[in-house]
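Following: one structure in structure tokens, then a few remarks.
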Amino acid sequence: MAYTDNQLVIMAGGVGSRIWPMSTEECPKQFIDVLGVGRSLIQLTFDRFEGICPPENVWVVTNKKYAPLVRRQLPEIPESHILQEPCRRNTAPCIAYVSWRIKSVNPKANIVVTPSDATVQDTAEFRRVIAQCLKFTGETDGIVTLGMTPTRPETGYGYIQADLSSSSPRNKGIYRIDTFREKPDLQTAEKYVKQSNFFWNAGIFIWSVSTIVNAFRVYSPAISKVFEGMMDVYGTEKEQEMVDLRYPECESISVDYAIMEKAEEIFVYPADFGWSDLGSWSSLLMHTHHDLYGNSLIGDKVIVHDTHNCIVHTLQQKKVVIQGLDDCVVAEKDGVLLICKLSEEQRIRQFAEE
């Protein structure tokens, strides 16, 4: 499979407002410099695929209202590769749309699909794993998803149960999937972590365009019919008009339910490159640099004293001085200041948005 056949799909349509007030429905977390490094999460996602595929082979599927944000933050990709969803229909229609769109320009394409709002610590290992998976899907009709080695009994992630008894003859690091498991309760998650064949589902998929299109035809024919029927308009001025008309017809369903749980040639590549889905202030604290007292300080001028295990995110403030806090979040964005216990962040956000 040629390097020029590799295509990257970044899914960036989610509202991503769980890290409030930094992220909101108007500007979700994927478009924000969450880590204080000068690049938003979607830009970091784009960056880590350098060398995997050329910029002109990158596609972003997003909500119509976020398309201007994508254009500003990713000027390297063709504007025609920013596909605009007229409404939210979960990941299956999103992936089907971009798959048929890619098929219209390259029937030999080999595709990686990734969320836009996760982080990776070991980029070199990430690229190695992706390259291995692309080689596998370029030579087979298999579907591969990445399974993250769990480091704790996490209840916020789905899990993949793998059959580790034998690996694929083509790649010793790739195994068949026994089943997908929904987000568990704590007791179940603790059982999973004690077993070696359970992995976090990162929502990163690798497949050839012919494989995924055929999978939709077999397992989700109604969605397939919608996007197969638009082959004549892809890449033309009529594309958006037809997408606006036909997209709402699609069932709102995840690709896990629509395809992954039904497909036969489905595999997992267990990996460990420091992946995290930053879904809360607590997870952000866990995956950012700490001082000696467990504090994560994101901002140019943050001063703390007698403060432990806190996360402070104040990029817009000139100076922030904090004394005597433990296990708290301090975050500021556009004139809104949040100070609360990490254990209460979800309840406080709901209260504030009422």
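Predicted model, so just to flag it, every value in this text is computed and none were measured.
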Those residues at least two apart in sequence (or on a different chain) that pass salt bridge (charged side-chain N to carboxylate O under 4.0 Å, His left out) with Arg128 are Glu125
The complete set of side-chain hydrogen bond (donor to acceptor under 3.5 Å, both in side chains) pairs with one or both residues in residues 140-152, sequence neighbours excluded, reads Arg152-Glu154
By ring-ring contact (aromatic ring centres under 6.0 Å, His included), Phe31 pairs with (sequence neighbours left out) Tyr66
Before giving the answer on ring pair (Phe, Tyr, Trp, His ring centres under 6.0 Å), spell out for Phe273 and Trp275 the whole-Å C-alpha distance, their side-chain angles and the decisive distance to 0.1 Å.
CA-CA 6 Å; Phe273 40 68; Trp275 172 89; 8.3 Å; no
Take atom CD in Gln323; do more than 12 heavy atoms of anything else shown fall under 6.0 Å from it?
-> yes
### Query
Does the side chain of Tyr234 come within less than 4.5 Å of Tyr97's, by heavy atoms?
yes
Between Tyr192 and Phe199, does the ring centre distance come in under 6.0 Å? no
Glu190 meets the salt bridge (charged side-chain N to carboxylate O under 4.0 Å, His left out) criterion, sequence neighbours left out, with none
Worksheet item: Quick one: are Leu8 and Thr114 in side-chain contact, heavy atoms under 4.5 Å?
Response: yes
Measure the shortest side-chain to side-chain distance between Cys310 and Val329 over non-hydrogen atoms and say whether it is less than 4.5 angstrom. no
Please report, to 0.1 Å, the donor-acceptor pairs under 3.5 Å made by any side chain of residues 41-61, with sequence neighbours excluded.
residue: Gln43; atom: OE1; partner: Ser40; partner atom: N; Å: 2.8
residue: Gln43; atom: OE1; partner: Ser40; partner atom: OG; Å: 3.3
residue: Gln43; atom: NE2; partner: Gln73; partner atom: O; Å: 3.0
residue: Thr45; atom: OG1; partner: Leu41; partner atom: O; Å: 2.9
residue: Thr45; atom: OG1; partner: Ser116; partner atom: O; Å: 3.3
residue: Asp47; atom: OD1; partner: Arg39; partner atom: NH2; Å: 2.7
residue: Asp47; atom: OD2; partner: Arg39; partner atom: NE; Å: 3.1
residue: Asp47; atom: OD2; partner: Arg39; partner atom: NH2; Å: 3.3
residue: Arg48; atom: NH2; partner: Ala118; partner atom: O; Å: 3.2
residue: Asn57; atom: ND2; partner: Thr4; partner atom: O; Å: 2.7
residue: Asn57; atom: ND2; partner: Asn6; partner atom: O; Å: 2.9
residue: Trp59; atom: NE1; partner: Gln7; partner atom: OE1; Å: 2.8

So the side-chain hydrogen bond (donor to acceptor under 3.5 Å, both in side chains) pairs with at least one residue in residues 155-166 (sequence neighbours excluded) are Tyr159-Trp200, Gln161-Arg181, Asp163-Ser165
Quick note, salt bridge (Lys or Arg N to Asp or Glu O under 4.0 Å) partners involving residues 207-219, not counting sequence neighbours, are Arg217-Glu228
Residue pairs passing the salt bridge (Lys or Arg N to Asp or Glu O under 4.0 Å) test with at least one member in residues 260-275, sequence neighbours excluded, are Arg176-Glu265
Open item on the list: Determine whether Ser282 and Glu345 satisfy the following criterion, side-chain hydrogen bond (donor to acceptor under 3.5 Å, both in side chains), listing intermediate values before the conclusion.
Closed with: CA-CA 9 Å; Ser282 298; Glu345 60 173 299; 3.0 Å; yes
Residue pairs meeting salt bridge (Lys or Arg N to Asp or Glu O under 4.0 Å), one or both in residues 57-78, sequence neighbours left out, come to Glu25-Lys65, Lys64-Asp244, Arg71-Glu79
Of Val312, Leu338, Thr314, the one forming a side-chain contact (heavy atoms from CB on, under 4.5 Å) with Glu332 is Thr314
Applying side chain to side chain contact (heavy atoms under 4.5 Å, CB included) to Asp33 and not counting sequence neighbours gives Val37, Leu315
Hits for salt bridge (charged side-chain N to carboxylate O under 4.0 Å, His left out) against Arg88, two or more places apart or cross-chain, chain-then-number order -> none
Next item on the list: Would you check if Leu325 and Val330 make a side-chain contact, meaning some heavy-atom pair closer than 4.5 Å?
Entry: yes
Is the closest side-chain heavy-atom distance between Tyr269 and Tyr175 below 4.5 Å? no
Quick one: are Val320 and Val304 in side-chain contact, heavy atoms under 4.5 Å? no
Contacts of Glu249 meeting side chain to side chain contact (heavy atoms under 4.5 Å, CB included) (sequence neighbours excluded), chain-then-number -> Val226, Arg246
Review point. Quick one: does Asn214's side chain have a donor or acceptor within less than 3.5 Å of a partner on Ser210's backbone?
Key: yes
Q | Backbone of Leu285 reached by a side-chain donor or acceptor of His290 within 3.5 Å | A | yes
